[in-house]
Protein chains: 2
Amino acid sequence: MKCKRCSAKATVQLRSHNTAFCKPCFVFFFQRNVERSIERERMFTRDERVLVCVSGGKDSLALWDTLVSLGYPTEGLYLGLGIGEYSAASERKVTAFAAARDLPLRVVRLEDEGDGLAIPQAALHTRRQPCAACGTFKRHYFDRAALDGGFSVLATGHNLDDEAARLLGNVLHWHVPYLAKQQPVLTPRHPKLARKVRPLYRTSEYESATYAFLRGIDYVVDECPNSHGATQLVYKDLLNRLEQAMPGAKLAFVSDFLRQAQPLFAAAPDSPTGECERCGMPAFGDVCGYCRLVAEIERRRSQAVAHS
Amino acid sequence: MKCKRCSAKATVQLRSHNTAFCKPCFVFFFQRNVERSIERERMFTRDERVLVCVSGGKDSLALWDTLVSLGYPTEGLYLGLGIGEYSAASERKVTAFAAARDLPLRVVRLEDEGDGLAIPQAALHTRRQPCAACGTFKRHYFDRAALDGGFSVLATGHNLDDEAARLLGNVLHWHVPYLAKQQPVLTPRHPKLARKVRPLYRTSEYESATYAFLRGIDYVVDECPNSHGATQLVYKDLLNRLEQAMPGAKLAFVSDFLRQAQPLFAAAPDSPTGECERCGMPAFGDVCGYCRLVAEIERRRSQAVAHS
């Protein structure tokens with residue numbers, strides 16, 4: 001098979017796009033697709049500083065690499081979740097990536113932010129799923145870092161497979177408020193918040209893995225140990241079977257949703273009207289979700305100490 | 001395991017409902033569910049005559065049997081599609097079912113309605129998929145029979161699996177006009193049309209097969225020979241995998257859609273404003289889809305004769 005762009009021998013076949021590329025042309029194709037998503041969805045311009053949330057996985061590092069290659073001014077943000085060797089390995093990969101390319105990196109670690117905040121301890125104290133606390137912490141520390149660093153844009157590495165699985169989950173339960181907010185660009189609803197963007201929303205997991213490999217990016221291959229058996233994996237498996245039977249189905253599912261249906265769901269979203277009494281970040285009530293979670297952890301910890 | 005209703009030994013397990021029944025209680029459960037669907041969705045009352053479209057398969061015969069058991073005044077309608085032995089066997093099953101229960105049955109056969117109208121010939125002449133012609137013919141002859149017989153209600157045996165697969169297909173492509181019309185009750189938009197209802201829309205294929213078996217209904221087991229490899233089967237396979245992982249997921253998908261999302265899609269539907277110049281049935285244009293199809297078949301047949 002020949003490269004569709006330069007007719008050299010193709011090494012990357014993309015069934016979903018019914019095309020194939022040689023190595024350099026695939027890198028070009030990937031970066032151009034990301035740039036088109038950024039421009040088409042008006043995510044940001046080259047005049048805006050972008051804070052890229054990097055986990056150490058293929059998607060977020062491929063995203064950072066692409067944004068740097070395309071000439072956007074970026075800074076990385078790594079949030080250490082305190083999940084044993086998984087988090088330690090992730091931090092090493094991110095730090096090495098940034099150092100090798102001389103890129104600015106901010107590191108925040110939950111275990112340094114407060115006793116009991118590392119995900120395993122937070123889950124234990126609150127007796128909830130680790131993923132629930134993780135979502136709350138990520139939202140808070142990402143927003144906080146963007147505010148502290150004066151970034152107007154927060155970029156995450158969510159790929160097409162993530163978006164399609166989230167959409168399928170929302171559709172199977174017809175969660176209308178979630179469908180109303182499922183967009184590749186979330187405009188901030190408070191002056192303290194940054195615009196949240198997902199430049200890889202049209203790029204598959206396979207494409208970002210291939211890109212990372214071809215660009216020599218050393219990333220954490222292991223999934224988060226808490227993700228096993230997650231509902232999301234059931235949805236991803238179904239979507240992979242669909243894609244196998246009908247190549248291009250995932251991209252059509254997500255992009256047709258955004259074009260045809262999303263506007264029907266997007267009623268006026270609830271704006272956080274106030275600010276948290278404790279941390280000063282935007283909040284729906286008097287205290288934000290993050291501070292309620294931290295207060296719960298502190299209470300449970302002091303009870304545990306009192307009973308010991 | 002014990003029957004949840006009478007504590008006898010259970011023989012039918014329903015994972016999707018997290019319950020189990022003995023044989024008589026399952027029959028009661030099935031019929032009560034159908035009656036609840038009819039009443040909740042205001043499909044029809046016992047004062048209305050219902051024309052039940054029966055194909056000879058388990059779903060439509062289980063539906064007819066249930067409606068008769070529940071005391072609704074019904075008449076059967078069998079449309080012969082002219083698909084060789086499949087259609088011949090289907091007609092024998094339907095005729096035997098009606099005769100054994102002394103139920104009134106109308107029989108219409110495409111091959112009697114005009115030369116070249118049987119599905120295989122129609123597909124050949126129009127060079128289209130057989131299913132396309134089949135849909136047009138069913139719509140026309142069902143509407144026609146309801147009008148001729150003075151029925152205000154047309155009932156079909158579409159089950160939960162059919163509805164879920166149709167919904168998944170519409171959602172994967174975000175066909176907004178189809179999503180706007182996907183309802184278990186379609187109110188007629190012309191005085192010549194009957195109300196179209198799907199009383200089995202909350203009842204799974206497994207449930208109607210079990211009901212047919214327990215009630216001693218002799219039905220055609222073979223699928224239509226044209227349905228192999230159909231897209232619908234891909235969707236049904238995905239939904240069966242989902243149901244396996246998350247029992248009850250199909251019913252939630254369909255019923256949450258109807259409650260949460262369908263109203264958002266249901267903009268004012270296009271009404272057929274006129275009537276067909278050729279056959280007098282309601283039509284969007286001057287000539288209805290059925291008469292356009294028949295005219296195309298007649299033209300191709302006369303060309304074939306002229307060239308032979």
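Quick note on labels: first sequence line is chain A, next is B, and so on, each numbered from 1.
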Review point. Going through the distances and angles, do Asp59(B) and Ser208(B) end up as a side chain to side chain donor-acceptor pair (under 3.5 Å)?
Key: CA-CA 6 Å; Asp59(B) 300 299; Ser208(B) 60; 2.4 Å; yes
Exercise for review: Step through the shown structure and confirm whether more than 12 heavy atoms of other residues, nucleotides or ligands are within 6.0 Å of OH on Tyr206(A).
Suggested key: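 Atom OH in Tyr206(A) is packed in, count exceeds 12.
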**Study point:** Residue Lys4(B) excluded, over 12 heavy atoms near NZ under 6.0 Å
**Key:**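 Enclosed.
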Review point. What part of Val176(B) is in contact with chain A, defined as an atom under 4.5 angstrom from a non-hydrogen atom: side chain, backbone, both or neither?
Key: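 Just the side chain, heavy atoms under 4.5 Å.
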**Study point:** Leu179(A) portion near chain B, given a 4.5 angstrom heavy-atom threshold
**Key:**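 For Leu179(A), there is no contact with chain B at all, as no heavy atom is under 4.5 Å.
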Practice item. Consider only side-chain N and O atoms of Asn159(A) and Lys58(A), and report whether a donor and an acceptor are under 3.5 Å apart. Key: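 No, no side-chain donor-acceptor contact under 3.5 Å.
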**Study point:** When His173(A), Met246(A), Lys250(A), Arg259(A) are compared by non-hydrogen pairs under 4.5 Å with chain B, the top option
**Key:**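 Greatest number of close heavy-atom pairs with chain B: Met246(A).
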